Every structure is written in C-alpha cells, then in structure tokens.
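Each residue takes its place number in the sequence, starting with 1. As the structure lists them, so they are numbered: ligands from 1, and atoms in each ligand from 1. Quick caveat: nothing in here was measured; it's all calculated off a predicted structure.
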Amino acid sequence: PTQTVGYRVPAQTPFQKITHAHPMRSLSNAFSEEDLIAFDQRVRAITPSVTYVVEPKVDGLAATVVYEQGHLRYGATRGDGVTGEDITHNLKTLKHVPHSLQTAVDLEVRGEVFMPKEAFLNLNAKRQEAGEELFKNPRNAAAGTMRQLDATVVKERNLAWFIYGLADNTFWPDLTHMQTLEKLKTLGFKVEDGALAVPTMQDVLKVVQDFEQHRHQHPYEIDGVVIKVNERHLYETLGFTNKSPKYAIAYKFKAEEVQTRLTEVTFQVGRTGQITPVAHLVPVSVAGTVVSKATLHNEAYIEERDIRLGDTVLIKKAGDIIPEVIRPLLDQRPAESQPLRFIRHCPVCDAPLKKDPDAAAYYCVNALCEAQQKEKIRHFVTRKAMNIEGLGEKNVALFYDTGYVQSLVDIYKLKDHEEALKALPGLGEKSIDKVLENIEKSKSQPLERLLFGLGLRHIGEVGAKRLAAAFKTLEALSEASFEALIEVEDVGETMAASVRQFFEDTHNQALIAQLKTLGLRFDTDQTVTLENSFFKGKIFVLTGSLETMTRQEAAAEIERRGGKVSSAVSAKTDVLVAGEAAGSKLTKAQALNVTIIDEATLRTQLGLNA
Ligand code: IVH
C-alpha cells in the first residue's frame with residue numbers, strides 16, 4: 001500500500017527505518033574566501049587538474065529516492081546518514097518526484113525537499129487563521145510536513161524538490177557532474193537549474209559573490225552555494241573525511257543582519273487572545289524588503305536579550321522571511337534606558353493576562369475582549385468561513401465601533417437596525433441591503449463553515465471539515481467525548497482537547513443556543529462534506545476495469561466531490577485511476593509524470609472504505 005499516493009501510515013506507528021545503500025554524508029562548510037581557497041589547495045594537492053561546478057544550496061531537507069527498472073521503489077530521509085526514515089508516501093505526492101522514468105534504469109538519486117517562499121507564506125497565513133503555531137522558516141515547514149502521516153496534507157502544502165546528484169559516485173563514471181545533471185534531466189528529473197561550470201577557483205569566487213548578491217531573487221530560500229569538483233571519476237581518489245566527501249564544500253552565506261532603532265513596542269491581541277509583542281523600527285532594508293516592524297516573540301525572548309526601548313538593535317529575517325529582532329547593541333544603549341516591561345493586562349480590555357503553561361505565550365482571558373471580538377467577527381465572516389460578502393474588515397470595524405455588531409450573535413440581529421444603518425455616513429442603501437441579504441444567506445452555510453468560523457483554537461479548515469463529516473451536527477459534536485474526537489482522521493489530542501474546552505465553556509454554550517434560535521444551520525449535507533481537496537478542481541482520467549464499481553459510478557463519485565473526469569490523458573491530467581489491465585493511458589500518464597492511483601486508493605479517498 002505504500003506505493004500509492006494518499007496512503008496513510010497508521011497513527012502511532014513510527015516511520016519505517018531504512019538503511020541507506022550508500023551513506024548519506026553531509027558537506028563540510030566554508031565561511032570565507034580563504035576557506036574556499038584552502039579547499040581548492042587540498043583538492044589540487046591530490047588531483048591537480050580539476051574544474052568546478054557551483055550550485056545554489058537550497059535550504060530544505062535531504063532525501064534519497066531509489067528507482068528500480070525506472071520505477072520509484074522508495075524514498076527516505078537522511079536520518080543519521082546510515083539509517084533514515086521511509087517517507088515514500090509523502091515524497092510521491094510531490095509534483096516533481098517522478099513515479100517512473102523515461103528509461104528502465106536502477107538508480108538512486110539525492111536531492112533536496114523544500115518549501116518555496118510563497119507556499120510557506122500561504123501555509124503560515126492559514127495556520128494563523130486557525131490559531132495554530134507558525135512555522136519559523138521554510139526549512140522547518142518542509143521538515144515538519146515530511147513527517148506528516150497523512151499524505152494528502154503533504155500534497156496540499158506545495159513542497160518542491162530538486163535533485164543534485166547520484167548516491168553512487170561510481171555509477172556513470174565517464175560523465176562529469178554537469179553531464180550527470182543533464183542526463184538526469186532527460187530521464188525526467190527536476191534538476192537544480194542554477195548550476196554553473198567554471199574552470200578555476202578564481203571563477204568560483206566570482207560566481208559565489210554573484211549568487212550571494214542575488215540570493216533573494218529566487219522563489220525559494222538559498223542559504224549558500226555548493227562547490228563540487230566537476231570530474232566525477234576523481235571522486236573516489238579524492239576520498240572522504242569522517243563525515244563528508246573531499247570533492248565538495250558548502251559555502252554558507254552570512255545571514256543579512258541590519259542595525260536600526262527600536263522606537264516603540266506594541267502588543268497585538270489575536271483572535272484567540274494570544275499577545276504578541278511587536279517592535280516598531282526605524283525603517284530599513286533587509287533581505288530585499290523594507291522592514292519597519294519585527295516580532296519580539298514573547299516575554300522570555302525580550303528578557304533573555306534585555307531588549308529595551310531606544311536600543312539600536314540587530315534585525316534579520318528568520319529564515320530570511322519573517323523579520324525578527326536578534327539582540328540590542330549594548331555599546332549604543334542610551335544611558336537612561338530601562339528594561340522593557342511586558343504587560344500583565346490586556347492592552348485593549350485591561351483584563352489580566354494568563355500564561356499558557358505549555359508555551360511562552362500570554363493570553364487575554366476575557367472572552368468578551370474588544371480586540372478578540374473584532375478579530376473573531378472578522379474571521380467568522382471571511383470567505384472560507386461564513387462568507388458574508390460586504391462585511392469586510394472596514395465594515396466590521398465600523399459596525400463594531402458604532403455598537404451594532406459587537407458579537408457574532410449581533411451579526412444576525414443587524415437587520416433590526418436597517419434604517420439606522422442606512423443613515424450611517426459612507427454606506428449607501430443598496431450596500432446595506434446587500435449586506436443584510438448576504439447575512440441571511442449565510443445562515444444556511446453548512447456545519448463545517450460554521451465550525452471553522454467559530455474559530456476554535458487549533459481547528460483550521462481541514463479540521464472543521466473532518467469534524468463536521470464525522471459528527472454531522474453541532475449537537476453531536478458538542479457531546480462527543482475526547483476519545484471519540486481523536487478517532488477522527490487528522491484530529492489529534494490538541495485539537496480534541498480544544499473542541500472539548502470550547503463546548504464546556506458556558507459563554508460558548510450560550511452563543512450556540514442563540515445562534516440556533518436565530519436560525520443558523522447546524523448540520524452538513526453530503527455534497528459539501530464530500531468536497532475534498534484530493535478531488536476539488538482536479539482533472540481525473542479513469543482507465544482499466546474497476547472491481548467494485550463501474551467507471552461511470554466512479555466518475556459520478558469524483559464529480560460529486562468537486563473533481564472533473566476527462567476521457568484522455570494530457571499534460572492537464574492531475575490523477576490517473578488505473579484499474580486492472582490498464583493500457584496506453586497508463587503508459588502515457590507515466591510519461592507525463594501524472595499521479596497514478598489504484599482502485600483501493602480511490603476508494604479510500606472517496607471515503608468508501610470506512
Ligand atoms: S551535495 C555528500 N548539492 O546541503 C553530500 N547538497 O550538507 C552531497 N544541499 O543536507 C550533497 N543543495 O541536502 C548538495 N546543490 C546541492 C545542495 C545540497 C542543498 C543540502 C544537502 C545536505 C546539505 C549538505
């Protein structure tokens with residue numbers, strides 16, 4: 001079953017260990033031009049006539065993939081270099097990992113799994129919406145994602161992968177490294193495309209400088225470059241140190257750190273009440289953008305570094321994306337400065353803050369806190385929740401400040417104030433009519449949207465869908481035990497605890513009772529529950545004969561879940577469902593690197609195996 005996309009490793013079982021056929025070494029590091037010149041001298045002392053290849057070093061995690069007769073057999077993480085973990089089910093969901101090659105070769109390739117910057121920002125934005133902890137940088141996000149048990153989650157996160165070489169240096173001994181990359185490309189691999197061949201170390205230094213200068217122009221993080229001897233037949237002669245080969249070295253870029261002044265610290269209150277200290281800075285350019293605010297994370301972070309107002313501070317972008325204050329420059333500290341005081345009361349409602357016992361964060365405990373309420377309302381009406389058009393951020397703030405909507409319940413009572421609303425400056429009659437109409441319409445949104453909109457901690461869009469599908473009604477969900485909750489796919493202990501906590505809170509019980517009286521829908525229907533990301537918006541082709549259903553039935557089920565079914569395989573095809581005795585469509589799909597699943601996987605994804 002591990003050979004099909006969407007296979008879910010049973011919960012609690014660790015990933016299978018895999019002993020690498022060839023050890024996965026790491027590279028030794030160079031931090032300066034001198035280090036690189038010394039590397040060149042060491043190389044030339046053993047093999048005087050060499051040339052070099054310079055490649056960007058993508059910041060992700062190393063993976064090895066084994067092909068037999070041109071078919072992907074398994075893929076693994078590096079682990080300790082000798083033994084890694086089987087991540088085949090996850091690797092297979094990556095767009096650029098071919099399931100089969102142009103030629104029936106036995107081959108083991110090495111590459112980097114990484115998360116492009118855009119995918120990283122989108123993922124963190126989603127997690128923020130769901131009140132989940134953010135990933136610190138794309139590398140952590142990629143590593144965390146590859147450890148997911150559910151491959152469909154991996155697929156949604158848009159990881160990418162490049163390969164940069166072979167596991168076995170003695171394979172294709174006559175090819176240079178550059179020629180090897182070319183050859184791998186023709187087999188169907190996505191190869192790191194910035195590789196440059198140069199004759200001497202002088203040229204390497206120039207190219208390295210160039211890479212460093214343009215490091216932020218790539219759609220993914222690069223944390224350095226890798227310099228490799230191009231002549232692969234010399235690799236064995238050059239040999240190895242303890243952990244790394246002598247034919248290559250990694251040159252690490254310096255993280256761009258910039259000085260600026262900390263002028264103010266404010267405290268943001270999120271939807272869940274979490275307080276985040278934010279540094280306001282004299283604007284400076286860092287890693288390609290102008291930064292005027294940076295996170296200070298939490299109280300402990302500020303205290304450990306003794307960061308103070310008026311300090312000249314060093315800032316950088318964590319993982320080159322999220323601005324963060326590193327530390328103050330003490331020799332530039334103004335004489336009169338005082339340690340920064342973390343607040344003990346909510347900056348908006350003045351309620352006492354409570355510390356999360358499991359984390360460094362403080363929370364405003366007042367469920368009725370204005371900042372939290374505004375954020376909650378804003379979240380409730382968003383497109384992916386109740387989708388109330390016309391109630392954007394500006395109108396939420398206006399209705400809140402004028403007192404018409406100060407809780408979720410008030411949204412549905414807005415119609416009682418129609419005349420007064422129409423008299424508000426800046427809002428025409430028509431737009432009020434439209435908003436009120438959209439509010440009424442939103443009452444029939446299905447349970448999964450209501451649930452996501454209610455903004456339970458740790459319950460994002462997917463979690464809400466899974467819970468709605470499993471319990472069907474809000475009443476049933478509110479009565480579900482912790483044990484019943486963790487039985488649900490993708491629902492872990494943190495999520496289950498959050499659901500229990502939500503429904504045990506008397507404010508929430510009152511809120512739910514009121515929403516019910518106002519006529520909101522508390523259940524879900526098949527079609528929407530069925531809509532799932534594995535099918536939605538994707539083009540499927542069915543081929544071969546299926547055992548448990550006809551192709552027409554399968555097509556209908558796919559379409560009910562938001563997928564399209566087409567008769568011919570093309571570059572646009574996303575998934576081929578291959579039944580028994582699949583023929584030319586299968587071959588074509590393999591050539592086009594289309595995801596191929598069998599009937600059992602289709603049934604699992606359709607939810608028919610439960
Ligand atoms: S060559 C013997 N080339 O950097 C190791 N590595 O320690 C051969 N990396 O985690 C590695 N880009 O996954 C090589 N173009 C590139 C690379 C690259 C990123 C990673 C690699 C490993 C680390 C090196």
Would you please name every residue forming a ring-ring contact (aromatic ring centres under 6.0 Å, His included) with F162, sequence neighbours left out?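 Scan of F162 (ring-ring contact (aromatic ring centres under 6.0 Å, His included), adjacent residues dropped) gives F114, Y220.
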Excluding sequence neighbours, so at least two apart, what forms ring-ring contact (aromatic ring centres under 6.0 Å, His included) with H297?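 In terms of ring-ring contact (aromatic ring centres under 6.0 Å, His included), with neighbours along the sequence ignored, H297 is linked to Y301.
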Locate the shortest heavy-atom distance separating V208 from I227; write the atom from each residue and the value.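 Minimum heavy-atom separation between V208 and I227: CG2-CD1, 4.3 Å.
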Taking side-chain hydrogen bond (donor to acceptor under 3.5 Å, both in side chains) as the criterion, tell me which of E55, E231, R232 meets it with H177.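 That would be E55; it is the only one of E55, E231, R232 passing the side-chain hydrogen bond (donor to acceptor under 3.5 Å, both in side chains) with H177.
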Keeping to residues at least two apart or across chains, list the salt bridge (Lys or Arg N to Asp or Glu O under 4.0 Å) pairs with something in residues 172-188.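 The answer is E182-K185.
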Close-range residues for ligand 1, whose non-hydrogen atoms fall below the 4.0 Å threshold: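 The 4.0 Å shell around ligand 1 contains R25, S26, L27, E55, P56, K57, V58, A62, E112, Y164, V226, K228, P245.
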Step by step, would you call T170 with E236 a side-chain hydrogen bond (donor to acceptor under 3.5 Å, both in side chains)? CA-CA 8 Å; T170 62; E236 291 302 304; over 6 Å; no
